[in-house]
J.: 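Okay, here's the structure, questions in a sec.
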Amino acid sequence: MALKKRRRAEPQATEVVEPAPKASLDSKKSAQDIQSQLNDRLATNVSKSAEKVKLEKLALAKITPDPDNQRTWYINQGAITILAKAFQDVWEEGAKSAEMPEAVLRKSLDQIGRYANSQNMELPPIADVTDTVQGIWDFAVHLKTEPLLQPLAVTLGQGGKYHVVYGNRRFIASYIAHGDTHEVECLNYQAEPDSPASKRFVENNQRSDLPLQAKVEDFKKAVAEIRIHAKNRVSNVEVANKLGVGRNLVQKLEKIAGSSGVNLLMATGQIKSVEFAYKMAVLEGSDKQLFKAACNQIAEKGEPAGDFNAFKAALADKLPKKPTRKTAGRPSKIKCPCAQPRQR
């Protein structure tokens with residue numbers, strides 16, 4: 001019986017179902033539209049918040065910088081004014097970039113130095129200060145052509161002026177780019193906001209270029225704030241949950257914060273990574289002599305690259321060997337004459 005050849009069915013055209021559009025910001029929209037969309041979302045979140053806060057526009061002239069910001073405390077109003085005036089002089093309409101003149105940088109650094117001396121405070125390494133000032137200048141260039149997408153958080157202080165709660169870098173860059181008459185979106189807290197130190201840590205911790213000393217100082221203030229408002233003892237897990245970081249990072253930052261030697265090297269810019277600082281703090285507790293030798297070398301050459309154990313072993317080889325303590329052997333038994341058996 002011959003089998004019939006089955007005819008292959010013609011492929012039918014299937015209707016392509018396009019995925020439903022996700023609820024996200026439209027990349028084709030203008031920057032102003034995106035900013036309005038973000039502000040609408042923010043206003044909705046603010047209305048649900050238990051804190052007394054409202055979203056409103058404020059002129060930059062009504063706002064003062066945050067002197068407690070660990071990253072930018074030394075950029076006071078005098079330095080901001082110098083940078084803002086210079087920016088307006090060099091900016092050309094329609095430009096995409098504007099280089100900071102060397103003379104302006106030197107003048108700003110001189111003003112920063114005088115302010116730090118007046119406050120009797122020690123500045124971070126000059127290289128870090130220079131990088132921060134240059135970074136804010138570059139941010140101002142960006143804000144000249146793009147809107148500020150994330151608002152400042154402010155609260156009304158003494159003298160009828162608002163002071164920045166968090167967003168100090170955005171405030172300085174906006175002031176430099178637009179001057180004091182420019183208005184920006186602000187989260188205006190009607191009362192002192194809840195947990196300002198914790199919020200500042202959460203915001204600054206997201207920055208990859210945040211100096212380690214600033215991170216540790218923000219962490220100490222945030223932890224102190226959490227413990228003050230807690231009724232019972234606060235564990236590392238609870239601190240981690242409130243700050244939005246891992247328990248491992250909390251443990252490391254707490255160990256680093258307790259080492260004065262490590263903090264000194266962080267302040268001078270010699271130690272820059274969390275992992276290395278943590279291992280140094282652990283070393284301080286286990287071997288004081290080796291820790292002191294490590295601090296001396298780091299102060300001269302900076303944080304070494306490579307394996308920490310190899311660095312530690314190389315230092316240990318250079319240290320004078322401790323004399324080995326001679327231990328007396330087990331004393332031999334002394335025969336007492338009286339214990340000998342009597343001869344008969």
Side-chain angles (χ1 to χ4, degrees), residues 42 45-46 48-55 63-76 116 119-124 132 150-159 161-172 186-260 262-264 266-267 271 274 277-278 281:
L42 189 60
N45 293 335
V46 166
K48 296 177 181 178
S49 173
E51 296 184 88
K52 293 182 178 180
V53 57
K54 62 180 180 178
L55 184 67
I63 305 173
T64 58
D66 178 13
D68 295 327
N69 188 290
Q70 290 297 319
R71 193 169 177 228
T72 55
W73 64 265
Y74 45 81
I75 305 179
N76 70 331
Q119 300 297 309
N120 197 24
M121 295 180 69
E122 187 175 352
L123 282 171
T132 300
Q150 190 173 357
L152 314 176
V154 300
T155 188
L156 188 61
Q158 296 179 350
K161 281 202 169 189
Y162 298 89
H163 70 262
V164 178
V165 178
Y166 49 91
N168 201 54
R169 188 171 175 270
R170 296 194 294 275
F171 163 72
I172 297 172
C186 295
L187 285 173
N188 181 10
Y189 285 85
Q190 307 302 300
E192 191 68 26
D194 296 338
S195 308
S198 300
K199 290 176 180 176
R200 187 183 295 115
F201 173 83
V202 170
E203 179 170 330
N204 288 340
N205 189 51
Q206 299 173 13
R207 303 198 59 84
S208 59
D209 58 345
L210 182 69
L212 180 57
Q213 185 194 20
K215 182 195 286 283
V216 173
E217 289 298 323
D218 282 345
F219 172 78
K220 288 195 290 187
K221 290 183 178 180
V223 172
E225 179 183 78
I226 291 170
R227 286 175 176 163
I228 286 173
H229 293 94
K231 295 180 180 178
N232 302 315
R233 184 178 178 275
V234 181
S235 66
N236 283 350
V237 175
E238 291 173 302
V239 171
N241 291 337
K242 288 183 180 295
L243 298 182
V245 296
R247 184 179 62 178
N248 192 31
L249 179 61
V250 170
Q251 180 184 356
K252 289 178 179 179
L253 291 178
E254 215 165 42
K255 189 74 176 177
I256 293 168
S259 174
S260 58
V262 174
N263 278 264
L264 182 61
M266 288 191 308
I271 293 181
V274 172
Y278 171 69

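We number each residue from 1, following the sequence as shown. Computed from a predicted model, the values in this text were never measured in an experiment.
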J.: Is the shortest side-chain heavy-atom distance between K221 and Q70 below 4.5 Å?
T.: yes
J.: By side-chain hydrogen bond (donor to acceptor under 3.5 Å, both in side chains), which residues pair with Y74, not counting sequence neighbours?
T.: T132
J.: With sequence neighbours excluded, give me every side chain to side chain donor-acceptor pair (under 3.5 Å) pair touching residues 237-248.
T.: S235-E238
J.: To the nearest 0.5 Å, what is the distance between CZ (F219) and CG (L212)?
T.: 12.0 Å
J.: Quiz question: by atom type and distance under 3.5 Å, do the side chains of N263 and S260 form a donor-acceptor pair?
T.: no
J.: With a 4.5 Å limit on heavy-atom distance, are the side chains of L243 and S198 in contact?
T.: yes
J.: Just to verify, what does N204 make a side-chain hydrogen bond (donor to acceptor under 3.5 Å, both in side chains) with, not counting sequence neighbours?
T.: D218
J.: Determine whether V274 and I256 make a side-chain contact, defined as any pair of heavy atoms from C-beta on separated by less than 4.5 Å.
T.: yes
J.: One thing to verify: whether R200 and E203 come together as a salt bridge, which I'm taking to mean a side-chain N less than 4.0 angstrom from a carboxylate O.
T.: no
J.: Please answer whether the main-chain N or O of I75 pairs with a side-chain N or O of T72 as donor and acceptor at a distance below 3.5 Å.
T.: no
J.: Tell me, please, which residues at least two apart from T64 pass side-chain contact (heavy atoms from CB on, under 4.5 Å).
T.: K161, H163
J.: Mind checking what makes side-chain hydrogen bond (donor to acceptor under 3.5 Å, both in side chains) contact with K252, not counting sequence neighbours?
T.: E275
J.: Y166: what forms a side-chain hydrogen bond (donor to acceptor under 3.5 Å, both in side chains) with it, not counting sequence neighbours?
T.: Y189
J.: Side chains of P65 and N168: does their closest heavy-atom pair fall under 4.5 Å?
T.: yes
